[in-house]
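Notes to accompany the following structure.
Order of appearance sets the numbers: ligands from 1, and atoms from 1 within every ligand. The chain is numbered in sequence order, starting from 1. All values below were derived from every heavy atom in this structure, side-chain atoms included, with hydrogens, water molecules and symmetry-related copies excluded.
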Amino acid sequence: MKIAFYSITGQTKRFIKKTELQAYEISDTDPDYEMGAPYVLVVPAYDDDMMDAVIDFLNYKSNAQNLVGVAGGGNRNFNDLYIHTAKDIARGLNVPVIFDFEFNGTDSDVKNFRKVVEQLESKQSRYRQSNIL
Ligand SMILES: Cc1cc2nc3c(=O)[nH]c(=O)nc-3n(C[C@H](O)[C@H](O)[C@H](O)COP(=O)(O)O)c2cc1C
C-alpha cells in the first residue's frame, strides 16, 4: 500500500518516519505528483486555506480515484475539530478515516497504523485477485 503525507510543522513527518514505511511527501512547491496506485493519505488538521497543496495533489490526475483511506493527525484540544481535515477529505471523496493520532503519534499508534496499512494491503490484493477471476 502506498502512502502520501503532508506536514507543516513536522509532526506528521516524524510519525511517518517512526513507522519506517515508504511514503511520498506532498510538497507545497510542486503538489502535482501522481501516486498511480492505491494509497493512504496522512494529513494533519489545519484551517482549510492551509491545505491548498493537499487539495491540488488530490485533484491531480488519478490521485482522487486511487485514494483508499485517510489517516488524520491532530490535537484533541481542538475537541469537535479534532482531525477535521482528514474527516472532511474522507467525506468528500467517499473513503473511510482509517486512523487518527495526536502530534507525532505514540509507539502504539505507530504499531497500530502499520497493522491497519497491512490489513488494507491484503484487502486490496484480495480485491485484485477477485477482479482477475
Ligand atoms: C494553526 C493551527 C490550527 C490547528 N487546527 C487543528 C484542528 O482544527 N484540529 C486538530 O485536530 N488539530 C489542529 N491543529 C494541530 C495540528 O494538526 C497538529 O499539531 C499536527 O500534529 C501538526 O502536524 P504537522 O506538524 O505535520 O503539520 C492545529 C495546529 C495549528 C498550529
Among all the protein's non-hydrogen atoms, which is closest to [atom], and how far away is it?
{"atom": "atom 8 (O) of ligand 1", "result": "H84 CD2, 3.1 Å"}
{"atom": "atom 9 (N) of ligand 1", "result": "L81 O, 2.9 Å"}
{"atom": "atom 25 (O) of ligand 1", "result": "T9 OG1, 2.4 Å"}

| said: Which option wins on minimum heavy-atom distance to atom 22 (C) of ligand 1: Y46, F5, F103? | reply: Y46
| said: Heavy atoms only: which of A86, G10, G72, P44 lies closest to atom 20 (C) of ligand 1? | reply: P44
| request: Run the salt-bridge test on D100 and R76 with the 4.0 Å N-O cut-off and return the result as yes or no. | output: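 Salt bridge flag = yes for R76 with D100.
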Under 3.5 Å between some N or O of ligand 1 and some N or O of [X]?
{"X": "T12", "result": "yes"}
{"X": "Y6", "result": "no"}
{"X": "I8", "result": "yes"}
{"X": "G74", "result": "no"}
{"X": "A45", "result": "yes"}

Any chance the side chains of [X] and [Y] put a donor and an acceptor closer than 3.5 Å?
{"X": "E25", "Y": "S7", "result": "no"}
{"X": "D28", "Y": "Y6", "result": "yes"}
{"X": "D109", "Y": "T106", "result": "yes"}

| remark: In ligand 1, the atoms that come under 4.0 Å of a heavy atom of Y82 are 11 (O)
| request: Answer yes or no: is there a donor N or O on one side and an acceptor on the other, between the side chain of N75 and the main chain of N77, under 3.5 Å? | output: yes
| task | Keeping the roles fixed (side chain from H84, backbone from Y46), state whether a donor-acceptor pair exists under 3.5 Å. | result | yes
| message | Tell me the contacting part of I83 for ligand 1: side chain, backbone, both, or neither, using a 4.0 Å heavy-atom threshold, strictly below. | response | backbone
| request: Could you give me the CA-CA distance, side-chain angles and deciding distance for F15 and F113, then say whether ring-ring contact (aromatic ring centres under 6.0 Å, His included) is met? | output: CA-CA 10 Å; F15 174 73; F113 177 72; 5.3 Å; yes
| Under 30°, 30 to 60°, or over 60°: which ring-plane class applies to Y24 and F57, parallel, tilted or perpendicular? | parallel
